[in-house]
Structures are given as structure tokens and as C-alpha cells.
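Everything quoted here is computed from the prediction, not taken from an experiment.
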Amino acid sequence: DVQLQASGGGLVQAGGSLRLSCAASGLTFDDYAIGWFRQAPGKEREAVSCIATTDGSTYYADSVQGRFTISSDIAKDTAYLQMNSLKAEATAVYFCASYQYPYLDGAYYSEEGYTYWGQGTQLTVSS
């Protein structure tokens with residue numbers, strides 16, 4: 001079975017940092033781009049960042065550009081999301097998901113193209 005295990009969430013003060021991990025199993029990791037999404041209370045799930053496993057190209061939502069960094073370690077079948085200078089509005093459940101392609105095409109920011117999803121990890125940023 002394919003599994004994506006998101007972890008690393010927690011409670012952090014505004015301005016702090018945290019790193020999320022997404023460990024994959026049951027799939028060939030470098031066959032899929034990986035995306036991070038988040039869903040805040042009362043809001044729709046939104047794309048935060050994505051990384052292609054072909055060339056390492058990345059995407060960041062405007063709200064996190066310059067503060068978040070996505071990376072992947074193919075040897076460990078794990079993707080990461082380093083989050084710095086956290087703001088209260090980052091409070092959400094964060095999900096990782098595997099994209100249908102290993103590269104980022106024109107639809108990577110939409111969750112429709114993602115096949116497998118992790119269970120989510122809660123991030124709470126206190127102000």
C-alpha cells in the first residue's frame with residue numbers, strides 16, 4: 001500500500017521555525033512530484049509548496065515565498081518543508097501529497113492532480 005506520513009507539526013511561537021517531513025512508502029519516490037497543502041479552520045485546502053523530483057524545480061505560494069523551503073531526499077523517500085518566520089495565519093493542518101507526474105506542469109497547484117495524500121499534521125502558531 002502507498003503511504004505518505006506527514007510529521008513534525010506542533011505548537012510554535014510567531015517568528016519561530018519548524019520543519020515538516022513527509023515519508024513515503026509503497027511507491028517509487030522519484031516518479032512523483034511532492035506537494036504540501038494546508039487547510040486552516042473554516043477555509044479550503046490550499047497549495048503551499050511543491051517540488052519536482054526530476055529537476056528539483058519548486059513552487060511556493062505567495063504567502064510563504066522567502067520563508068518556506070521545500071526539499072526532498074530521494075534516498076530517504078522523504079520530502080521536507082522548512083518553515084521560518086512563522087506567522088499566526090500559518091496555523092493549519094498540513095498535508096503532503098504525491099503528484100501525478102515527477103515534474104511540475106501547469107496544474108501542480110491544484111489538488112486534483114495529486115494521487116496519494118498523507119494524513120496531515122497540525123501546526124499551531126501562537127501570536
Contacts of type side chain to side chain contact (heavy atoms under 4.5 Å, CB included), residue A107, not counting sequence neighbours: Y99, D105
Does the side chain of Q82 come under 3.5 Å of the side chain of N84 through a donor N or O and an acceptor N or O? yes
Pairs satisfying salt bridge (Lys or Arg N to Asp or Glu O under 4.0 Å), at least one member in residues 61-89, at least two apart: none
Taking the six-membered ring for Trp, are the ring centroids of Y108 and Y103 within less than 6.0 Å of each other? no
Given R38 and S49, is the side-chain hydrogen bond (donor to acceptor under 3.5 Å, both in side chains) satisfied, shown in steps? CA-CA 10 Å; R38 66 186 180 189; S49 184; over 6 Å; no
Taking ring pair (Phe, Tyr, Trp, His ring centres under 6.0 Å) as the test, write out the residues that go with F95, two or more places apart. none
With sequence neighbours left out, write down each residue that passes ring pair (Phe, Tyr, Trp, His ring centres under 6.0 Å) with Y109, or none if nothing qualifies. none
Tell me, yes or no, whether the heavy-atom count around Q3 atom CD, taken from other residues, nucleotides or ligands under 6.0 Å, exceeds 12. no
Nearest heavy-atom approach of T121 to G8 is OG1-N, 4.0 Å
Distance from E111 atom CD to E44 atom CD, nearest 0.5 Å? 8.5 Å
When hydrophobic residues are tied together by side-chain contacts of less than 4.5 Å, even through go-betweens, does Y80 share a cluster with F37? no
I need the S110 OG to R45 CZ distance, nearest 0.5 Å. 10.5 Å
Which ILVMFWY residues can you reach from F68 by hopping between side chains whose heavy atoms are under 4.5 Å apart? V2, L4, V12, L18, L20, L27, F29, Y32, I34, W36, V48, I51, Y60, V64, I70, I74, L81, M83, L86, Y94, Y116, L123, V125
Contacts of Q39 that satisfy side chain to side chain donor-acceptor pair (under 3.5 Å) - sequence neighbours left out: none
Non-hydrogen atoms of A52 and A33 that approach each other most closely: CA-CB, 4.0 Å
Atom of A14, atom of S127 and distance for their closest heavy-atom approach: CB-CA, 4.2 Å
Taking T91 for its side chain and T124 for its backbone only, find out whether a donor-acceptor pair lies under 3.5 Å. no
